[in-house]
Every structure is written in structure tokens, then in C-alpha cells.
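Heavy-atom basis, side chains included; hydrogens, waters and symmetry copies ignored.
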Amino acid sequence: MKELMLGNKALARGLYEAGVCLASSYPGTPSTETTEEAVKYGEIYCEWAPNEKVALEVAFGASLAGKRSFCAMKHVGLNVAADPMFTISYTGVNAGMVINVADDPGMHSSQNEQDSRHYAIAAKIPMLEPSDSAEALLFTKKAYEISEEYDTPVLIKMCTRVAHSQSLVETGERITPPARPYKKDAGKYVMAPANARRRHPFVEERTARLAAFAESGGLNRIEMGGTKLGIITDSTCYQYAKEAFGQEASILKIGMCFPLPEKMIRDFASKVERLVVIEELDPIIEGFCKSLGLTVEGKSLFPAVGEFSQNMLRDKLGGGLNVKSSAGCTPIEGLPVRPPVMCAGCPHRGLFYTLGKNKCTVMGDIGCYTLGASAPLNSIDAVECMGASVSSIHGFNKALGEESESKTVAVIGDSTFVHSGMTGLANIAYNQSNSTVIIVDNSITGMTGHQQNPTTGYNIKGDPAGKINLEALCKAMGIQRVRVVDPYNLAETDKAVKEELAAKEPSVIISRRPCALLKYVKHKEPLKVDADKCRGCKSCMKIGCPALSFKDKKAVIDPTQCVGCGVCSQLCGFGAL
């Protein structure tokens with residue numbers, strides 16, 4: 001059958017057809033849908049792990065047991081999973097194991113735009129790069145063959161445009177290879193120094209064999225056209241180059257970006273007059289070409305930041321086909337900006353208003369609550385990575401002591417706390433800084449689209465599952481002061497913040513209210529404005545709710561957005577809301 005599929009859905013289909021038995025992932029845009037699609041196949045056991053490191057280790061365990069396995073994450077998640085990945089490169093696998101990493105050029109939903117190809121090179125693990133949905137399926141199946149033939153985990157790198165674009169895919173049947181028996185082999189799997197020393201030469205020899213495979217394995221291909229311009233490119237840039245230049249240029253399409261095919265690149269370069277590398281982010285292919293002594297252009301023409309487009313390629317290289325494309329077009333002037341904002345009724349809004357009112361220094365974290373840094377709340381001072389808020393407040397307070405303890409808090413989501421906040425809290429409890437940590441528990445993993453996590457009581461299918469009790473966990477870790485507040489209640493929230501900041505010991509506040517977008521949440525009737533009572537003071541506007549606006553010097557409530565949370569009414573001194 002043929003079907004239009006998102007790249008992520010096609011990759012999941014590839015897992016099914018390759019006979020994969022287990023998938024363990026942590027949600028992260030733009031990789032999330034892959035596991036959400038995989039769970040629809042009953043033959044694949046799927047789960048959300050607490051973090052990417054755990055997900056990769058789970059996948060390795062299944063591979064060791066003899067069943068094909070998979071894990072997915074976004075590019076910053078690979079930072080978390082890098083520790084086991086580098087060593088699994090040494091041990092190799094039993095059954096096939098694939099790691100899907102999704103990069104985010106342009107930072108549509110990320111705190112950086114790192115290039116994951118560096119990880120493949122550093123860990124000496126083969127990496128495949130699909131350029132559309134059809135390749136996402138085919139490359140996934142091929143990755144398992146490579147994994148088992150060369151005794152290696154395999155990385156598949158997607159990017160936002162490939163993961164979230166649709167193209168035609170031809171589906172096939174599921175073929176489940178026989179389970180590989182587990183054999184005890186300490187020399188292969190126990191990476192004590194003596195064994196690891198013996199495994200390193202294997203990795204080097206494997207890389208050499210993979211480099212030979214890159215020449216003839218069919219993942220890289222030459223498409224000859226005009227010979228005045230030769231383009232070496234990968235991933236979504238291949239699509240841009242084809243649309244911009246068609247047969248006017250010759251193209252060497254890289255589908256396996258590590259190891260790169262040296263002979264194929266040399267042969268291609270000898271057939272064209274001008275050699276250009278088009279790749280988003282870092283000059284990895286370009287650098288390899290230059291190491292071969294080739295004259296090549298790349299980052300001298302194209303930026304090392306952001307996404308590319310068809311129009312950019314035409315602009316930078318000149319000429320090209322006269323094809324109109326919406327990509328890279330100049331925005332229409334005069335349109336109002338539409339920055340991201342917390343949803344109407346978001347439970348985090350009341351908390352951040354309270355923290356701003358109390359002039360708190362706030363160590364923030366990764367989640368939709370990161371929007372607390374935006375106007376008009378302006379209530380977050382620093383955001384680095386998952387879990388950093390809890391560790392950072394400890395260092396901040398240890399450095400400044402009483403100067404900061406009574407006015408500094410850390411804010412972290414429930415899923416993020418389980419991901420990597422617990423160790424930071426253990427450090428606070430162990431090394432005793434007078435720090436206040438606020439866990440914003442909205443009963444779901446909100447930013448990536450409502451995935452379950454270990455605190456919700458449900459698994460990836462929505463079935464009942466084990467549930468971590470945050471209050472009991474924090475107390476068990478040595479925090480004596482643990483309290484729960486409803487962020488819709490501003491007075492209660494304000495009282496809790498003041499009291500815990502005044503306490504002379506570590507404390508945790510759990511700000512608990514389900515995400516306003518959850519289907520089971522029943523909202524109240526929308527609020528209305530009594531225009532006669534409204535004084536136009538704009539106090540209600542301080543929370544930045546998108547359901548609130550101002551017109552003719554009076555507050556206005558949009559009934560299609562308002563969920564009746566009542567936070568704005570608590571700010572009005574005239575009873576107008």
C-alpha cells in the first residue's frame with residue numbers, strides 16, 4: 001500500500017516492518033510522534049521512560065536479550081543518553097538496536113541547535129539520515145541489518161522538517177527475525193578497563209568496515225545532471241537542492257553521514273567544475289572533503305545557524321530553476337507578532353504572578369512553564385537544561401548565603417523533576433542548602449503534547465500504571481518541609497511562597513493543578529466584565545492571559561478562550577470580573 005505519512009510515522013512503520021519488539025523513549029519535539037505511532041502496533045512493547053539515558057539502557061537490555069529494540073529522543077536528549085551510548089559502542093549489540101535522534105535547526109522548540117552528527121563521529125557509531133518519509137521507513141529497516149551485521153548500535157538522525165513533513169510511503173509486511181539467544185560473554189559486555197581495552201580495537205576495525213560499506217551500501221548515491229555545479233548534501237537540504245536546481249546540477253546525496261564515503265566523494269568531485277557542500281548547522285561534510293584535499297565551498301556561502309530553504313540556495317549560489325516556493329519568503333509587513341504564551345487557564349500563571357509580585361529570583365527549567373520568563377510575567381531568571389533549576393539554586397544559595405536564600409526559588413515541572421530533578425534535590429538534602437524548590441505539577445508532560453509520566457499513574461497507552469507520589473518521594477529524600485498549593489488560589493500560593501522562603505531549611509512546594517487543556521478537566525463558565533465597575537486600572541492584565549484584552553479603556557474577556565479559572569478576578573479590586 002502507498003500512504004502519505006509524516007516522517008516520524010514512517011519511521012515507526014519501519015520499526016514495525018523490521019520486527020522490532022521494544023521501544024523506550026522520552027518525549028521531545030520533534031521526535032515524540034515516532035513512539036506515539038509505534039505504540040499503535042500491538043507487536044511492539046512501547047513505554048515512556050523517565051529520561052533518555054534510561055530509555056537507551058532499556059533498549060540495550062532488550063537487545064542483549066536477543067530482541068530488536070529502539071529508543072527515540074530529541075538532540076538535547078542525546079546529551080543525557082550519551083553516557084551509555086559511548087560504552088555500548090564498545091560492547092556492540094546482540095539483536096539490532098537503533099537510536100533515533102531528532103535535531104531542531106532553527107530552534108522551533110529547543111534551547112540550542114546542536115548538530116548530532118558530532119555524536120556519531122565521537123562515539124564511532126554509524127549514522128543514517130533520511131531526507132523524506134519513504135527513506136525514514138527504508139533506512140530504519142536497513143539500520144537493523146547494519147546493526148546486526150556490524151555488531152553496533154545505529155543512529156538515525158531526523159530533523160524537524162523531515163520528522164514533521166509528509167511524503168508518499170510504500171508499506172510492506174512485518175518480518176520478525178528469530179530471537180538471538182543470549183550468551184554470557186563478560187569480555188564483550190562487562191566494560192571494566194581490561195575488557196574495554198580489548199574492545200576499542202574492535203570499534204576501530206568496525207569503523208573501517210563501515211566506511212567500505214558506505215561506498216557500496218546504497219545509502220549514498222550520485223545523481224548526475226549538469227557538471228558546472230556539483231552539490232554534496234544530506235537530509236532535508238537534498239530536497240531543497242533538488243527543488244532549486246533540478247538537473248542543472250549534479251548531486252551526491254549523503255544518506256549515511258558517518259562514516260562518509262571517501263572514494264565516492266573523490267569520484268564525484270572529479271566530474272564537476274565547482275564543488276559545493278550544502279548542510280545545515282556545522283561543516284561536517286565540508287570538513288571531511290577538505291581533509292581529502294578537495295577544493296570545496298560550504299560555510300563560506302551558507303550560514304552555520306538556522307534552517308535553509310530553496311530560496312536561500314538560489315540566492316547564495318545564483319541561478320537555479322525559476323520555481324516559486326513559500327520557504328524563505330519575506331514576511332508580510334504590518335502583521336502583528338504572535339509570541340508563544342501560556343494558554344488561558346494555565347495553572348502556572350498564578351504561580352509566576354506570585355513569584356513576580358514577591359520579587360523572587362527564579363531558577364527555571366525546561367517545559368511550557370519556561371514561558372514564565374516572557375512579558376508581562378517576567379518571572380524567570382535562568383533556564384539551561386532539564387533539571388538544572390534544582391541544581392542551580394543550590395549553587396546560587398551556597399555562593400550567596402542569606403543574601404539569596406529568602407528570595408530565590410527553583411521551578412521545575414513534574415515530568416522534568418522525575419527526568420533529572422531528583423538528583424539535584426538529593427544534593428540539596430544531602431549538602432543542606434536553604435533552598436526552596438517549586439514543583440509545578442500539571443498532571444501531564446505538557447510541552448510535548450500530553451504524554452504520561454511516572455507521576456500521572458498511567459502508561460503510554462493510557463492504562464493504569466505505577467505512580468510516584470511526589471510528596472512522599474521528597475520527604476523520603478530528606479526534605480522535611482513539603483506542602484501542596486493550588487495555583488488558582490493566589491492568596492494560598494502567596495502564603496506558601498512567603499513561609500517557605502522564610503524557613504531556615506530546605507523545602508518543596510508542589511503547585512498542583514491539572515493542565516487546562518486536558519480532556520478530563522471540567523471548566524467553569526467564562527467570566528464576564530461588569531463595565532460599570534471596571535476602572536481601567538489594567539491590574540488584570542498583569543497575568544498575561546490571552547483571554548483578556550483591553551478596549552475603550554475597559555477590560556474585555558473572550559468567552560471562547562476563558563475557562564473560568566478566576567485568577568484575574570482575584571487581581572481586580574473593584575469586583576468587575
Side-chain angles (χ1 to χ4, degrees), residues 8 12 15-16 20-29 31-65 67-74 77 80-81 84 99-100 347 365-369 386-387 412-423 425-426 439-477 482 484 508 510-522:
N8 283 343
L15 300 178
Y16 169 76
V20 170
C21 292
L22 177 144
S24 181
S25 305
Y26 184 81
T29 306
S31 73
T32 307
E33 296 90 354
T34 302
T35 308
E36 290 180 327
E37 290 293 336
V39 77
K40 296 176 182 178
Y41 299 107
E43 296 88 344
I44 306 176
Y45 167 78
C46 295
E47 68 178 24
W48 291 127
N51 66 29
E52 297 85 357
K53 178 179 184 290
V54 172
L56 192 149
E57 291 161 349
V58 169
F60 174 70
S63 166
L64 191 64
K67 298 293 185 72
R68 287 184 169 182
S69 65
F70 173 79
C71 63
M73 60 205 69
K74 67 184 296 178
V80 180
I99 305 164
N100 168 217
D365 223 294
I366 305 297
C368 45
Y369 50 91
M386 301 280 278
I412 187 169
D414 49 329
S415 179
T416 311
F417 178 73
V418 176
H419 178 286
S420 50
M422 292 189 292
T423 47
L425 189 65
I439 302 173
V440 285
D441 181 6
N442 64 352
S443 306
I444 204 70
T445 308
M447 184 172 66
T448 47
H450 287 178
Q451 290 77 33
Q452 305 294 337
N453 68 64
T455 74
T456 66
Y458 298 95
N459 65 18
I460 191 172
K461 294 182 178 181
D463 297 331
K467 181 177 181 178
I468 290 177
N469 183 308
L470 287 174
E471 299 95 302
L473 173 63
C474 293
K475 288 182 178 179
M477 293 179 74
V482 180
V484 179
V508 169
I510 301 173
S511 176
R512 178 169 289 149
R513 166 70 67 160
C515 173
L517 299 185
L518 286 169
K519 293 180 180 179
Y520 69 80
V521 174
K522 303 300 181 184

Is the closest side-chain donor-acceptor distance between S420 and N51 under 3.5 Å?
no
Rounding to 0.5 Å, atoms CD (E471) and CZ (R512) come to a distance of 4.0 Å
Side chains of T32 and K74: closer than 4.5 Å at any heavy-atom pair?
no
Is there side-chain contact between L425 and F417, with at least one heavy-atom pair below 4.5 Å?
yes
Taking C-beta and beyond as the side chain, do S511 and Y369 meet within less than 4.5 Å on heavy atoms?
no
Grab the two heavy atoms, one from V521 and one from C515, that are nearest each other, plus how far apart they are.
CG2-O, 3.4 Å
Residues, nucleotides or ligands: over 12 heavy atoms within 6.0 Å of Y41 OH:
yes
Roughly how far apart are T35 OG1 and L15 CG, rounded to 0.5 Å?
8.0 Å
Quick one: OG on S25 to CD1 on I99, what's the gap to the nearest 0.5 Å?
11.0 Å
V80 side chain near H419 side chain, heavy-atom distance below 4.5 Å
yes
Separation between OG1 (T456) and CD1 (I468), nearest 0.5 Å, reads 10.0 Å
E36 CD to N8 CG distance, which is reported to the nearest 0.5 Å:
9.5 Å
side-chain contact (heavy atoms from CB on, under 4.5 Å) for T29 and M447? Distances and angles first, verdict last.
CA-CA 9 Å; T29 306; M447 184 172 66; over 6 Å; no
Where do W48 and P27 come nearest, in terms of heavy atoms and distance?
CE3-CD, 3.3 Å
Any heavy-atom pair between the side chains of H450 and L518 that's under 4.5 Å?
yes
Side-chain donor-acceptor pair present, Y26, S415, cut-off under 3.5 Å
yes
Provide the closest heavy-atom pair for L56 versus C71 in the form atom of the first, atom of the second, distance.
CA-SG, 3.8 Å
Restricting to non-hydrogen atoms, name the atom on N442 and the atom on C368 that form the minimum distance, rounded to 0.1 Å.
ND2-SG, 4.5 Å
Answer yes or no: is there a donor N or O on one side and an acceptor on the other, between the side chain of S31 and the main chain of A72, under 3.5 Å?
no
Just so I know, are the side chains of F70 and I44 near enough to count as touching, which here means a heavy-atom distance under 4.5 Å?
no
Taking all non-hydrogen atoms of both residues, which atom of I412 and which atom of G421 are closest, and how far apart?
CD1-CA, 3.8 Å
Can you confirm whether Q452 sits close enough to K461 that some side-chain heavy atom of one is under 4.5 Å from a side-chain heavy atom of the other?
no
Ignoring hydrogens, what is the shortest heavy-atom contact between K467 and T455? Give both atom names and the distance.
CE-O, 3.2 Å
Please report the interatomic distance CG(D414) to CG(L470), rounded to the nearest 0.5 Å.
7.0 Å
Between E57 and K53, does any NZ, NE, NH1 or NH2 come within less than 4.0 Å of an OD or OE carboxylate oxygen?
yes
